[in-house]
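The next block holds one structure in the form of C-alpha cells; read it before the comments.
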Amino acid sequence: MAETARAGDDLPRVGKARMEKLAALRERGVAAFAYSFDVTRHAAPSVADFEEREGEGGGRTGAGGAGGTRDGDEAGAEAEGGGQTTRGRWAGRMVGFRSHGKSAFADLEDHTGRVQVYFRRNVLGDDAYSLLELLDLGDWIGVEGSLFRTRMGQVTVLAEEFELLSKSLRPLPLGKVEVDAETGERVTHAGFADRESRYRQRYADLAVNPDVRRVFRTRTRIVTAIRSFLDDLGFVEVETPVLQPLYGGASARPFVTHHLALDRVLYLRIADELYLKRLIVGGMDRVYEISKDFRNEGIDRFHNPEFTMLEFYQAFADYEDMMELVERLVVAVAEAAGGSRGCTFQGAEIAFERPFARVSFVESLGEAMEGDPLDVPEDELRARVEERGAGDLAGAGRGKLLDKLFGELVQPSLVQPTFVVDYPKELSPLAKEKRGAPRLTERFELFVAGEELANAFSELNDPIAQRARFEDQAALRAAGDAEAQVVDEDYIRALEYGLPPTGGVGIGVDRLVMLLTDQASIRDVILFPTLREGE
RNA sequence: GAGCCGGUAGCUCAGUUGGCAGAGCAACGGACUUUUAAUCCGUAGGUCCUGGGUUCGAUUCCCAGCCGGCUCACCA
C-alpha cells in the first residue's frame, strides 16, 4: 500500500530504526503482524499458581518476595484453573529487556500484570535467538515455555519458542519500574506524566501506566455494581432518546444540532428525566438508564461536556424511600469499588455508614446566613451573593440566588455523606411540594466531600401544577436565565394521562467514580475527555 | 471569559544574567548464558510551542497567538 512509504515519516528517529528492523524481519520471512496466538496462561495468575504449587510440594518457600513482577492491574488476579502444569503459552507486550549476550531477560505485560521471560540461545537455537535483536520495547510477543525460579528467586518463563505478534513502530514512553524489595512498592522512573499528552493519547497512557488501567477497571466495576443493584430490585434498564426535539429535566444549556431529512432542530439531551417519567406513565413502574448527557457549559475538573448520568424512577415511592435506596446503592457500590465501606478522597477519609446525615436546606442555610432564607427579600439576597464575589447574576431569580449562597456557605462543609433535604420550590420545578410546607419541595441532594453526588425528589405528578411551574420557568427565561427550563407540552400531556406517585434519582457517575478512585479531575475518570483541538 | 504557572531530545527534566544546547532513561554500535531501574565501553540524536519585534546576535528580552494545568467565573 502507498502508506508504507509514508508510514515512518512522522515517527521520531527512534521509530525509523524500528522501520529498518521491520524491513529486516520481512527479509527473513518473519511476519511482523501476526493473526492470532493461542494463549493459555496469564502473567500474574500463572506466577501465583506456581508459587502456590511450590508451597504444597514442600519445595522452596518464602522466596516469593524476591521479584516484583506482580504489579498488574489486579493485584490478586484470579488463580488459573487447577491441573495446570508449569508449561503454557503467554502473550503480552514487551516492557523490559535485559540482554546478556547468549541469554536475555524480557518483561512481558498482559492485562493481569507482568511475568519475566528468559531466553537462552542454546534452548532457542541460533536462528530464533538472533531474532531477539529485531525486537523492541512495546512489541507484542507470544511465548511458549515453562515456569521456573531463577537464581535470584524470580518466577520466570523459560522460552522454548516465541513469536512476534505485532511490531511497535512508535516508541512507548515506558518509565522504568523499580520495586522496593522491602515494601513491595512500585516506583516509576521518568514515566509518561505530561497530562495533555496522556489525555490526547490515552492509548499510550493506558499502555504504560498500570494505575490508569486500574482506575478505569474500577470504573467498570462501579457501573456493573449499579446495574446489578438495580436489576436485583426489579428495575428495568431502558434507552431513551439522545436526540430530542425539546430538552428538559435539568437547568443547563444544550448542544443544538440539525436533522437534514426532517429539516429541524434537535437537541442533545441534558437529562433523561422527562422521558423516564413518561415510561412510568406507561406502566413501567421501575426504570433506570445509564447514559451520556450533554451540557454546553464550561469545562473544569468537575465538568466535562459529555458525562455519564444514572437516573432511576420508582412508582409508588417518595423521596424518603429514595433516600434509603440511595444509601444502600452508594454503600453497595463503594464496597464493589474498594472492598470497604469507606474511601479516601484527596486526603479526606469518607465513611459510607448508614444512615447518612440529614440537614434541611433552609435550616442549614439559615444558620449560615443568620436569617430565614425564605423571608429575605430578593434584593438583599442578591446583595449577599454579590458581596461574596460570586460573579454573573444576570437573570438569576430567588431560587438561583439561594442556591449560590448555599454553595458558598454550606456545601464545602459537607464532607461526610450528607443528605440536604427540602429545597425551595423555585429551585425545583419538577419536584412535588412538601407536605405541610408549600414553599418547599420534597427534594434531596446527596453531598460527599463537598460535591453533589445525587439529586432526587418526590416527582411532581399533578399536570396542572407542573404547567404552572413550567410557566414560572418560562418567565425566568424571558428575564434572561438561559438555563431555565422550557415548557414541554407533550410531557404535560403524559402527566394528564396519570403519573403515579413516583420517586426519582439522578447520580453523576463520573463524580462517583472520582470519589471512589480518589481522582482529582473528571478527566482522569473519562477515557477520552473533551479537549481543545490540538496537535 | 479572567488571573497565575507551564510548553527545551522519544520520555522525565535542568539550563542559557542575550553568544556553538545539557543530564538520566529510551535509541544505535560493541562486551556479557540467572538479570530485574542489569552492568561496562562507545555513538548519535534538537523547529528550545508558533508568529512578529528589539538586537551584531533571541531558545533566553518584548508583543500577539496556540495548547495544557491550577484558581476564579460559569456549571443546582
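Just so it is clear, the structure is predicted and the values come from calculations on it, not from any experiment. We name chains A, B, ... by the order of the sequence lines, and we start the count at 1 in each one.
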How would you label the contact of [X] with the nucleic acid (heavy atoms, under 4.0 Å): base, sugar-phosphate, or nothing?
{"X": "A:Gly399", "value": "nothing"}
{"X": "A:Asp136", "value": "sugar-phosphate"}
{"X": "A:Leu531", "value": "sugar-phosphate"}
{"X": "A:Tyr423", "value": "nothing"}
{"X": "A:Ser197", "value": "nothing"}
{"X": "A:Ala250", "value": "base"}
{"X": "A:Asp300", "value": "base"}

Select from A:Gly191 and A:Lys102 the residue whose nearest nucleotide in RNA chain B is closer to the 5' end of that strand. A:Gly191
With rounding to whole Å, what would you report as the distance between [N] and [M] at their [atom1] atoms?
{"N": "B:U34", "M": "B:G6", "atom1": "C1'", "value": "45 Å"}
{"N": "B:A9", "M": "B:G24", "atom1": "C1'", "value": "12 Å"}
{"N": "B:A37", "M": "B:C72", "atom1": "C1'", "value": "42 Å"}
{"N": "B:U8", "M": "B:G1", "atom1": "C1'", "value": "31 Å"}
{"N": "B:C49", "M": "B:C5", "atom1": "C1'", "value": "16 Å"}
{"N": "B:G45", "M": "B:A31", "atom1": "P", "value": "23 Å"}
{"N": "B:A26", "M": "B:G65", "atom1": "P", "value": "42 Å"}
{"N": "B:U35", "M": "B:G22", "atom1": "P", "value": "38 Å"}

Strictly distance-based, threshold 3.5 Å: is any side-chain N or O of A:Ser130 a donor or acceptor partner for the main-chain N or O of A:Ala128? no
I'd like to know if the side chain of A:Ser168 reaches the main chain of A:Arg170, judged simply by a donor and an acceptor atom lying under 3.5 Å from each other, with no hydrogens or angles considered. yes
Nearest of [options] to any side-chain atom of [X]?
{"X": "A:Arg200", "options": "B:C67, B:C11, B:A76", "value": "B:C67"}
{"X": "A:Ala17", "options": "B:C28, B:C67, B:C74", "value": "B:C28"}
{"X": "A:Lys176", "options": "B:U33, B:A73, B:C25", "value": "B:C25"}
{"X": "A:Tyr118", "options": "B:U34, B:A37, B:C32", "value": "B:U34"}
{"X": "A:Phe148", "options": "B:C70, B:U36, B:U34", "value": "B:U34"}
{"X": "A:Phe192", "options": "B:U35, B:A73, B:C11", "value": "B:C11"}

Give a yes/no on whether any side-chain N or O of [X] is located under 4.0 angstrom from OP1 or OP2 of [N].
{"X": "A:Lys404", "N": "B:C74", "answer": "yes"}
{"X": "A:Lys16", "N": "B:A27", "answer": "no"}
{"X": "A:Arg98", "N": "B:U35", "answer": "no"}
{"X": "A:Arg301", "N": "B:U71", "answer": "yes"}
{"X": "A:Lys400", "N": "B:A76", "answer": "no"}
{"X": "A:Arg523", "N": "B:G69", "answer": "yes"}
{"X": "A:Arg149", "N": "B:U34", "answer": "no"}
{"X": "A:Lys21", "N": "B:C28", "answer": "yes"}

Between [N] ([atom2]) and [X] ([atom1]): distance, integer Å:
{"X": "A:Phe307", "N": "B:A76", "atom1": "CZ", "atom2": "P", "answer": "9 Å"}
{"X": "A:Glu20", "N": "B:G29", "atom1": "CD", "atom2": "C1'", "answer": "13 Å"}
{"X": "A:Glu196", "N": "B:G6", "atom1": "CD", "atom2": "C1'", "answer": "11 Å"}
{"X": "A:Asp194", "N": "B:C67", "atom1": "CG", "atom2": "C1'", "answer": "10 Å"}
{"X": "A:Leu158", "N": "B:U34", "atom1": "CG", "atom2": "P", "answer": "13 Å"}
{"X": "A:Phe302", "N": "B:G69", "atom1": "CZ", "atom2": "P", "answer": "14 Å"}
{"X": "A:Leu135", "N": "B:A26", "atom1": "CG", "atom2": "P", "answer": "16 Å"}
{"X": "A:Leu169", "N": "B:G10", "atom1": "CG", "atom2": "P", "answer": "17 Å"}

Assess the side chains of [X] and [Y]: does a donor N or O sit below 3.5 Å from an acceptor N or O?
{"X": "A:Arg121", "Y": "A:Ser103", "result": "no"}
{"X": "A:Asp422", "Y": "A:Tyr319", "result": "yes"}
{"X": "A:Ser251", "Y": "A:Glu483", "result": "no"}
{"X": "A:Asp524", "Y": "A:Tyr199", "result": "yes"}
{"X": "A:Ser291", "Y": "A:Asp272", "result": "yes"}

Report the base-pairing partner of [N] (Watson-Crick or G-U wobble, both distances below 3.5 angstrom), or none.
{"N": "B:C72", "value": "B:G1"}
{"N": "B:A27", "value": "B:U43"}
{"N": "B:U33", "value": "none"}
{"N": "B:G51", "value": "B:C63"}
{"N": "B:G18", "value": "none"}

Look at the side chain of [X] and the base of [N], then say whether one donor and one acceptor between them are separated by less than 3.5 Å.
{"X": "A:Gln116", "N": "B:U35", "value": "yes"}
{"X": "A:Thr150", "N": "B:U35", "value": "yes"}
{"X": "A:Arg151", "N": "B:U34", "value": "no"}
{"X": "A:Arg121", "N": "B:U33", "value": "no"}

Checking A:Arg469 against A:Gln485 for the side-chain contact (heavy atoms from CB on, under 4.5 Å) test, could you report, in this order, the C-alpha distance in whole Å, the side-chain angles of both residues, the deciding distance, and whether it holds? CA-CA 10 Å; A:Arg469 302 279 196 93; A:Gln485 305 201 14; over 6 Å; no
With A:Tyr129, the side-chain contact (heavy atoms from CB on, under 4.5 Å) member among A:Asn122, A:Leu124, A:Val123: A:Leu124
